[in-house]
Amino acid sequence: MPELPEVEVTRLGIEPHLLGQVVSGVSIRQPRLRYPVPDDLAGRLSGLRVEAVRRRAKYLLIDFAAGSLLIHLGMSGSLRILAADSPAEKHDHFDLVLGATILRLRDPRRFGAVLWLPHPAEAHPLLAGLGLEPLGAGFDGAALQSMCAGRKTPIKLLIMDGHLLVGVGNIYASESLFRARIHPATPAGRLSRARCDRLAQCIRETLQDALAAGGSTLRDFLHSDGSAGYFQQQYFAYGRAGEACRVCGGRIHKRVMGQRATFFCPRCQRLPSGGKV
């Protein structure tokens, strides 16, 4: 699934092509996505000018004076900027037409979303309960320690909880914990302030490094220009079960936590036995 870096890379790719442009049409070829695509989008959007292109968690928001178009890439979606006469392929479900160009959503598994949100968009149920942005000014070791206080939840599951911290999916949670040398099953409430400081820093650095590398391209994700990201070439843990740890030479292990595959090095990321760590 595209995670925060992939969504932000997409935002950066489409923003220059959308800002200030006027919507001249909408094409809905498959309305049955994760949520039904509103059939009145053409009437709502035609003639409106794009005022901003934002990201909240893993959601993209295209802002207009009258409201916002929310787009979610789901598990396999991608957005492309194309010429308006580009023929649609099998999984190309939605076009936002901007004169001579279009913003096209391709979503083979149809778990994405295209919705219209009246202002304020942040009041919509999909956005209202979201947690802190990990790249925002409000996220640091103190904020993370506050989230962890008194919780027995494994730290990997906590940092993936979108009600607390948004956009840190399975890949980047595993990579951040490896960098911080914290075992993913460590109870969150046992982390000291120093470890919270370190983990918060590693989460930010991992996401920033992924952004610089264009995100990770696994399965279907591509940038808005059709190119691929390459952060997967830098993974320390994710997807490397049985391979040698790049730091200590031991073997990367895999276990299932919260129904998600979790990768870690038991030498570099030791599970604590008692007390604060």
Side-chain angles (χ1 to χ4, degrees), residues 1-117 121 124 126-127 167 211 214-230:
M1 177 181 292
E3 299 187 14
L4 186 153
E6 290 76 48
V7 179
E8 181 64 12
V9 165
T10 297
R11 187 193 72 79
L12 293 170
I14 66 175
E15 183 182 44
H17 300 277
L18 268 61
L19 279 181
Q21 298 300 309
V22 175
V23 177
S24 54
V26 167
S27 178
I28 303 170
R29 283 176 290 274
Q30 173 52 270
R32 293 178 298 169
L33 302 182
R34 182 178 179 185
Y35 309 102
V37 179
D39 56 11
D40 62 349
L41 272 183
R44 289 183 178 274
L45 291 172
S46 294
L48 297 184
R49 185 180 303 275
V50 178
E51 298 188 346
V53 181
R54 299 183 289 132
R55 179 191 55 77
R56 179 66 171 111
K58 300 179 186 179
Y59 297 100
L60 287 167
L61 294 167
I62 302 173
D63 292 335
F64 304 90
S68 300
L69 187 68
L70 177 147
I71 299 177
H72 190 269
L73 299 179
M75 295 184 68
S76 59
S78 61
L79 289 170
R80 300 284 300 278
I81 298 291
L82 300 168
D85 59 357
S86 299
E89 298 182 3
K90 179 179 179 180
H91 302 298
D92 295 339
H93 302 316
F94 173 83
D95 291 346
L96 182 67
V97 185
L98 305 146
T101 63
I102 57 174
L103 176 69
R104 174 167 288 170
L105 174 66
R106 177 180 172 83
D107 186 3
R109 299 189 186 184
R110 302 207 328 244
F111 285 132
V114 178
L115 297 173
W116 174 254
L117 310 185
H124 189 276
L126 287 175
L127 305 179
L211 277 170
S216 299
T217 293
L218 301 173
R219 297 182 181 173
D220 304 294
F221 176 73
L222 292 173
H223 299 171
S224 58
D225 62 359
S227 62
Y230 56 90

**Study point:** Trace of the side-chain contact (heavy atoms from CB on, under 4.5 Å) decision for Leu96 with Ile71
**Key:** CA-CA 11 Å; Leu96 182 67; Ile71 299 177; over 6 Å; no

Review point. Do the side chain of Ser24 and the main chain of Gly99 share a donor and acceptor less than 3.5 angstrom apart?
Key: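 It does hold such a pair.
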
Check your understanding: How many angstroms lie between atom CZ of Arg34 and atom CG of Leu115, to the nearest 0.5 angstrom?
Key ->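 Reported value, rounded in 0.5 Å steps: 9.5 Å.
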
Answer yes or no: is there a side-chain heavy-atom contact under 4.5 Å between [X] and [Y]?
| X | Y | result |
| --- | --- | --- |
| Asp95 | Leu82 | no |
| Leu61 | Val53 | no |
| Val97 | Val23 | no |
| Phe94 | Val26 | yes |
| Asp107 | Leu73 | no |

Check your understanding: Charged N to carboxylate O under 4.0 angstrom, Asp63 versus Arg54?
Key ->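 Salt bridge: yes.
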
Review point. Closest heavy-atom contact between Trp116 and Arg44?
Key: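 Minimum heavy-atom contact is NE1-NH1, 3.2 Å.
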
Check your understanding: So, for Glu51 and Ala65, which heavy atoms are closest and what is the spacing to 0.1 Å?
Key ->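 In terms of heavy atoms, the two residues are closest at OE2-CB, 3.6 Å.
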
Practice item. Run through Val37, Val114, Leu33 and flag the one making a side chain to side chain contact (heavy atoms under 4.5 Å, CB included) with His93. Key: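 Passing option: Leu33.
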
**Study point:** Full working for side chain to side chain donor-acceptor pair (under 3.5 Å) between Ser27 and Arg29
**Key:** CA-CA 6 Å; Ser27 178; Arg29 283 176 290 274; 3.1 Å; yes

